[in-house]
Amino acid sequence: MLVGLTAAAAGLAMAELAALVVAPQASPFLAVGSLVIDLAPAGVKDAVIALFGTGDKVFLLIVLAVLLAALAAGAGVLELVAPPWGTVLLLVVGAFGTLAVTTRAEASALWAVPAVVGTLGSCLLLRLAIGRLRAWSARTERDSEHSGLHASGTAVTRRGFLMLLGGTAAAAVVVGIGARLANAASLAVDAVREAIALPRPATPAPQIPASASLDVEGLSPLITPNESFYRIDTALRVPAVDPAEWRLRVTGMVEQQIELSFDELLALPLTETSITLLCVSNEVGGELIGNAVWLGYPIRELLARARPQAGADMVLSRSVDGFTASTPLEILQEEDRDCLLAVGMNGEPLPPEHGFPVRMVVPGLYGYVSATKWVTELHVTTFERDSAYWTDRGWAARGPVKIGSRIDVPTAGRRADAGAVTVAGVAWAQHTGVRGVEVRVDDGAWQPARLASAISSDTWVQWVYEWDAAPGEHELAVRATDASGSVQSGARVPVVPDGAEGWHTIAVTVA
Ligand SMILES: Nc1nc2c(c(=O)[nH]1)N[C@H]1C(S)=C(S)[C@@H](COP(=O)(O)O)O[C@H]1N2
Ligand SMILES: [Mo]
């Protein structure tokens with residue numbers, strides 16, 4: 001019975017641990033509770049509520065825990081006397097947990113992972129521990145036949161069994177409770193986030209002209225939806241930051257240190273603006289780029305209040321998770337550049353994985369030197385004195401965004417019918433603006449593409465080229481020219497240390 005209980009506890013702990021990485025809602029135990037609530041007949045629900053009032057959920061969880069414990073103990077006994085029926089019983093219980101998680105309204109297929117990991121883990125432990133229990137009892141029988149001669153053999157097999165059981169049980173309790181508390185904290189922050197009503201911007205984003213979006217199927221939408229916005233960070237688990245506890249501190253080489261709460265930040269006059277965010281690790285033609293409408297407070301205003309001292313040339317922003325970014329101070333102070341302490345993304349509070357409650361967004365710099373998520377400190381300092389997370393790992397201390405362009409259409413598969421073929425994509429020359437985009441077919445001359453209207457120089461711009469395609473295998477390339485006349489170079493440069501260069505080139509089969 002103890003083996004069954006321990007195996008089940010370890011399985012639950014593994015599931016909680018996996019849920020930390022997958023999603024806090026993917027923890028199976030509470031999902032089973034929710035499924036039972038959904039399935040329970042109205043009469044039963046009413047009776048339970050009448051009996052226990054607001055303690056009804058606690059009652060349900062206790063009932064579930066007792067039931068699970070009974071099943072687990074039963075599985076231990078079964079595995080000993082009639083293998084593999086104990087394993088089968090655990091598999092059935094685990095399958096029910098998996099079903100409960102994956103049938104939640106918001107569930108994705110990935111949510112099954114914690115339950116499956118927990119189920120397989122508990123089955124493995126059950127078989128392992130029962131195996132050791134058998135070894136011990138077999139040894140005991142043999143030893144008693146030979147009257148105590150091999151008593152030490154009994155001790156060894158007994159110790160092996162007890163250590164496995166005790167060690168597993170202790171680890172399951174510590175890890176399980178720790179992970180459960182962390183998952184509960186994430187869920188609590190999710191609930192707080194849902195309840196936030198963002199203030200209206202004092203400076204709203206200018207109306208986006210309809211001519212900024214080309215009507216081409218397969219072309220990246222002008223504004224990237226939050227769900228499909230790329231995500232890059234070093235956090236194994238999305239930090240759960242409670243806005244009520246969040247503080248931003250402006251420290252270091254300043255005349256006036258500043259401390260700001262989330263409510264104070266929301267009460268400031270906020271700016272709304274579209275900014276394209278790019279990752280320095282984006283390969284030529286890559287997907288680590290997105291464009292969103294951000295709501296936030298201009299960092300230059302905060303810096304003006306803090307009054308940086310002479311000699312300072314960098315702001316080292318720091319996240320709750322220890323990540324740091326080095327941003328040139330003068331860029332953050334520019335009057336005509338909206339570097340934001342952002343609280344909103346496309347009309348909602350920042351999604352947890354994009355930095356809730358507050359992050360930085362700086363037009364013209366790659367994310368690793370500017371876009372600190374879950375930001376809690378702006379430390380005014382110098383490039384000489386301090387260095388940031390990725391700089392310490394071989395990347396450049398400064399990361400201005402390089403001019404670039406990408407072909408989105410023709411889409412994957414890259415096949416087209418001979419005749420008129422629409423070629424389209426996006427281009428960026430952040431904070432300078434894109435003047436033109438050209439397309440080249442095979443070894444032909446560069447042909448101008450048609451540009452959509454730009455939202456601003458801080459966002460990408462869509463382009464389209466109508467190609468009169470002849471049958472055969474073709475190669476298409478794209479290049480952009482910025483507002484100052486600089487043309488995107490075709491020389492291939494890898495992403496390390498400060499961003500890839502080269503023309504995005506695709507092969508298309510025309511039939
Ligand atoms: N706290 C924290 N902030 C971070 C990072 C990180 O690892 N930790 N990664 C940066 C990098 S490299 C990029 S490209 C952007 C990506 O932002 P996104 O995930 O919202 O797209 O966040 C930046 N901010
Ligand atoms: Mo990045």
Side-chain angles (χ1 to χ4, degrees), residues 21 186 189 193 220-221 223-241 243 246-249 273-284 286-296 299 315-327 331-332 339-379 387-402 404 426 428 430 458-460 494-500:
V21 180
S186 293
V189 168
R193 179 183 171 273
S220 311
I223 304 291
T224 315
N226 290 354
E227 305 72 49
S228 45
F229 206 97
Y230 81 92
R231 173 188 168 199
I232 293 285
D233 54 61
T234 59
L236 187 54
R237 144 172 203 263
V238 175
V241 182
W246 178 87
R247 294 287 182 278
L248 181 85
R249 291 185 179 82
T273 178
S274 303
I275 300 172
T276 297
L277 187 62
L278 301 97
C279 183
V280 68
S281 302
N282 194 36
E283 302 282 355
V284 170
E287 311 255 287
L288 302 182
I289 175 171
N291 185 45
V293 183
W294 306 94
L295 174 73
I299 294 173
V315 171
L316 190 75
S317 50
R318 186 180 298 277
S319 159
V320 278
D321 65 357
F323 172 89
T324 52
S326 55
T327 313
I331 286 186
L332 295 175
C339 307
L340 296 183
L341 212 47
V343 293
M345 181 177 184
N346 292 332
E348 45 175 288
L350 293 177
E353 61 276 23
H354 293 293
F356 181 80
V358 184
R359 76 173 304 169
M360 285 172 60
V361 185
V362 173
L365 301 183
Y366 287 120
Y368 83 109
V369 288
S370 69
T372 305
K373 304 191 269 190
W374 316 288
V375 65
T376 53
E377 187 189 359
L378 303 182
H379 188 71
S387 62
Y389 186 90
W390 285 114
T391 310
D392 296 340
R393 290 160 177 79
W395 296 76
R398 293 163 201 259
V401 170
K402 294 176 177 177
V426 288
W428 56 92
Q430 218 183 10
D458 290 338
T459 65
W460 63 10
V495 293
V496 185
D498 63 358

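In each ligand, atom 1 is the first atom listed, and ligand 1 is the first ligand listed. Residue numbers run from 1 in the order of the sequence given.
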Is a side-chain N or O of Trp294 found less than 3.5 angstrom from the main chain of Leu341, in a donor-acceptor match? no
Using modelled atom types only, decide if a donor and an acceptor are shared between the side chain of Ser326 and the backbone of Ala397 within a distance under 3.5 Å. yes
Residues at least two apart in sequence or cross-chain that pass side chain to side chain donor-acceptor pair (under 3.5 Å) with Ser319, listed by chain then number, are Asp321
| message | Looking at Lys373 and Glu353, is any side-chain nitrogen of the basic one under 4.0 Å from a carboxylate oxygen of the acidic one? | response | no
Please work out whether the ring planes of Phe323 and Tyr389 are parallel, tilted or perpendicular, with thresholds of 30° and 60°. tilted
Expected contact list for ligand 1 at under 4.0 angstrom, heavy-atom basis, is Phe229, Tyr230, Arg231, Ile232, Asp233, Thr234, Leu277, Cys279, Ser319, Asp321, Phe323, His354, Arg359, Gly367, Tyr368, Ala371, Thr372, Lys373, Trp374
- Message: Checking the side chain of Thr224 only, and the main-chain atoms of Asn291 only, is there a donor and an acceptor separated by less than 3.5 Å?
- Response: yes
